[in-house]
Participant: 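Mind having a look at this structure? Questions to follow.
Basis for what follows: all heavy atoms, side chains included, without hydrogens, waters or symmetry-related copies.
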Amino acid sequence: MGRTSTDFLNLDAKDFEDHITKLWFSDGSIWTESSNKTETGPHYSNKTEDWIQTKEKIRKIFKSLYRGTDPKKLLFTRRPTKWPNISAAPFLLTGFPGLETAYHWISIPFFAVYFSVLLGNGTLLYLIKDDHGLHEPMYYFLYFLAMLAGTDLMVTLTTMPGVTGTLWLNHREISQGVCFLQAYFIHSLSIVASDVLLAMAYDSFIAICTPLRYNSILTNSQVMKVGLGVLMRGFSSFLPPIIPLYFFPYCHSHVLSHAFCIPQDVMELACADITFNRLYPLVLVALTFFLDVMIIVFSYVLILKTVMSIAFREELAKALNTCVSHICCVLVFYITVIGLTFIHWFGKHAPRVVHITMIYFYFLFPPLMNPIIYSIKTKQIQRSVIRLFSVQNRA
């Protein structure tokens, strides 16, 4: 028997797309399940009229949901169509597809990493604030380090609720407003982290290349201006692609690819022209990270040139040791950025687990490693940590 209009409208996503494609090709004929082909004839006249009525209903559905888009154009676009959802419905987060039964086991290493990130960066911020021995003119890089630790904490606190909620409670729903805000903070904080690393490179350049002018160049007001500029650049540059997300209709599937929201993921669900939202982040990230990396490399070329002219070996080792921790943090951050970029743009055919692993690596590895690197390589922070634990032991 042929399908009635009611049966047709109750189809699932895949059958909906298959049948509506056949419907638009039917031109008054009818597709039947038994023969899997089109058949015409006078004895099908009632069913043909039913299909014509259904066709009109589908036309009205598409007109209202897709804002007047011709169904034929929509069906033959390269972008896959999915079952139309209510535009204001919440999005659904996704953890590790196919491993749902192992979520409790997967959550253990995530909990350990999140706890380590919060403990390490929180301790670093506490030491920089509480230890007055670090508040010396030559230690301005620690203020930038505090900004880096604060950025790492904010990134972690932004992504942690969605990940832990998905893995522990299987809570996948996230409202659209919260999702857009999360996507905004994730990318803005990434730009802030890159700018902080650039500011730290500038601090090292001034300290090594022009040490006698360090105090006159990097004053308290100057450092505050640099910090404010870093925050303004990071949080203002990513507003243009985020604001349109609030006004797009979302009639495709509302299922996201990760346990948190990223703009590239969200905009793919919109039923609108997203050309600007695709190009702007690409150009912004390329210019921001590429320019920051080039300036950092150039500053270290000048630093190395200055260091190699130092005659005394002890002074040479001290100058190089000052830069090692920062170089390690730069490598950790930008290698993960480059890896994630290559996977996103050139790894379309890579297994999905590679994409998921890489994006978690990007968000968790730098915040985990930064306090460890600076605690090991910076003697002032080492002494502060030792004093902190010695006081706790006496208590």
Side-chain angles (χ1 to χ4, degrees), residues 120-121 124-125 127-128 131 133-152 190-231 233-234 288-337 366-367 369-385:
N121 289 281
L124 201 57
L125 285 173
L127 291 176
I128 294 173
D131 194 337
L134 299 178
H135 299 177
E136 298 181 15
M138 289 296 288
Y139 294 157
Y140 277 129
F141 78 95
L142 290 178
Y143 288 100
F144 297 126
L145 178 59
M147 289 186 65
L148 185 63
T151 302
D152 291 339
S190 297
I191 297 174
V192 169
S194 178
D195 291 346
V196 170
L197 291 174
L198 175 60
M200 295 172 76
Y202 176 70
D203 175 87
S204 299
F205 169 76
I206 299 298
I208 294 175
C209 296
T210 58
L212 298 179
R213 299 180 57 199
Y214 183 89
N215 291 338
S216 61
I217 295 175
L218 289 180
T219 61
N220 288 336
S221 61
Q222 190 67 24
V223 171
M224 290 184 65
K225 289 178 181 177
V226 171
L228 185 61
V230 166
L231 294 175
R233 184 192 180 197
T288 301
F289 291 146
F290 180 76
L291 184 61
D292 289 354
V293 168
M294 292 303 296
I295 296 175
I296 290 173
V297 170
F298 181 70
S299 66
Y300 272 105
V301 169
L302 296 179
I303 289 173
L304 187 61
K305 182 180 178 181
T306 303
V307 167
M308 295 308 293
S309 64
I310 299 176
F312 300 101
R313 185 172 297 179
E314 291 183 1
E315 294 294 328
L316 175 64
K318 184 179 179 180
L320 288 176
N321 187 63
T322 303
C323 302
V324 168
S325 55
H326 179 253
I327 293 174
C328 291
C329 288
V330 168
L331 291 175
V332 166
F333 180 77
Y334 285 108
I335 287 175
T336 56
V337 168
M369 293 304 299
N370 287 341
I372 296 175
I373 291 171
Y374 274 99
S375 297
I376 293 175
K377 298 302 297 181
T378 307
K379 293 181 179 179
Q380 294 83 1
I381 295 179
Q382 282 183 4
R383 289 196 291 266
S384 297
V385 172

Participant: Verify, without hydrogens or angle tests, whether Thr219 (side chain) and Ser216 (backbone) share a donor-acceptor contact under 3.5 angstrom.
Facilitator: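 No: the side chain of Thr219 does not pair with the backbone of Ser216.
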Participant: Do Ile296 and Tyr202 touch side chain to side chain, with heavy atoms closer than 4.5 Å?
Facilitator: no
Participant: Within the 4.5 Å heavy-atom criterion, are Cys323 and Ile208 side-chain neighbours or not?
Facilitator: yes
Participant: Within the structure provided, determine whether Met294 and Phe290 are in side-chain contact (heavy-atom separation under 4.5 Å).
Facilitator: yes
Participant: What distance do Cys209 atom SG and Leu302 atom CG have between them, rounded to the nearest 0.5 Å?
Facilitator: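 One gets 6.0 Å once the value is rounded to the nearest 0.5 Å.
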Participant: What's the separation between atom CD1 in Ile217 and atom OG1 in Thr210, rounded to the nearest 0.5 Å?
Facilitator: 4.0 Å
Participant: Looking at every heavy atom in both Asn121 and Ala149, which two are closest together, and how far apart are they?
Facilitator: OD1-CA, 3.5 Å
Participant: Return the set of residues passing ring-ring contact (aromatic ring centres under 6.0 Å, His included) with Tyr300 (not counting sequence neighbours), or none when no residue passes.
Facilitator: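 ring-ring contact (aromatic ring centres under 6.0 Å, His included) list for Tyr300, sorted by chain: His326.
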Participant: Do Leu148 and Phe144 have side chains that approach each other closer than 4.5 Å (heavy atoms only, starting at C-beta)?
Facilitator: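 Answer no - side chains too far apart.
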Participant: Go through Asn370 and Asp152 one step at a time and tell me if the side-chain hydrogen bond (donor to acceptor under 3.5 Å, both in side chains) criterion holds.
Facilitator: CA-CA 9 Å; Asn370 287 341; Asp152 291 339; 2.9 Å; yes
Participant: Quick check: do Leu142 and Tyr374 have side-chain heavy atoms less than 4.5 Å from each other?
Facilitator: no
Participant: Please identify each residue that fulfils side-chain contact (heavy atoms from CB on, under 4.5 Å) with Ser375, with sequence neighbours left out.
Facilitator: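 Listed in chain order: Ile381.
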Participant: With heavy-atom distances below 4.5 Å as the criterion, would you say the side chains of Phe298 and Phe205 are in contact?
Facilitator: no
Participant: Rounded to the nearest 0.5 Å, how far does CD1 of Ile372 lie from OG of Ser325?
Facilitator: 13.5 Å
Participant: In the structure I gave you, are the side-chain heavy atoms of Val330 and Met200 within less than 4.5 Å of one another anywhere?
Facilitator: no
Participant: For a quick test of reading the model, state the closest non-hydrogen atom pair linking Ala201 to Ser299 and the distance between them.
Facilitator: CB-OG, 3.8 Å
Participant: Testing the basics here: between Phe333 and Ala193, what is the closest heavy-atom pair and its distance to 0.1 Å?
Facilitator: CE1-CB, 3.9 Å
Participant: Taking atom types as modelled, find out whether Tyr214 and Asp203 have a side-chain donor-acceptor pair closer than 3.5 angstrom.
Facilitator: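 The answer is yes; a qualifying pair exists.
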Participant: I want to check something: taking the side chain as every heavy atom from C-beta on, are Val301 and Lys305 in contact at a cut-off of under 4.5 Å?
Facilitator: no
Participant: Sequence neighbours left out, what pairs pass salt bridge (charged side-chain N to carboxylate O under 4.0 Å, His left out) with at least one residue falling in residues 204-225?
Facilitator: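 Those involving residues 204-225 do not exist here.
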Participant: What distance do Thr288 atom OG1 and Ile191 atom CD1 have between them, rounded to the nearest 0.5 Å?
Facilitator: 5.0 Å
Participant: First locate atom CD1 of Ile373, then atom CD1 of Ile327, and finally report the distance between them rounded to the nearest 0.5 Å.
Facilitator: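 Nearest 0.5 Å value for the CD1-CD1 distance: 11.5 Å.
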Participant: To check you understand the geometry: which heavy-atom pair defines the closest contact between Gly234 and Asp195, and what is its length?
Facilitator: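 Reported closest heavy-atom pair: N-OD2, 4.4 Å.
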Participant: How close do Ser204 and Ile303 get, heavy atom to heavy atom, and via which atoms?
Facilitator: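 Scanning both residues completely, I find the closest heavy atoms to be C-CD1, 3.9 Å.
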Participant: Measure across Thr336 and Pro366 and return the closest heavy-atom pair with its distance rounded to 0.1 Å.
Facilitator: OG1-CG, 3.9 Å
Participant: Can you measure from CG (Asp292) to OH (Tyr334) and round to the nearest 0.5 angstrom?
Facilitator: 4.5 Å
Participant: Report the C-alpha separation of Met224 and Asn220 in whole Å, then their side-chain angles, then the decisive distance to 0.1 Å, and conclude whether the side-chain contact (heavy atoms from CB on, under 4.5 Å) test is met.
Facilitator: CA-CA 6 Å; Met224 290 184 65; Asn220 288 336; 5.5 Å; no
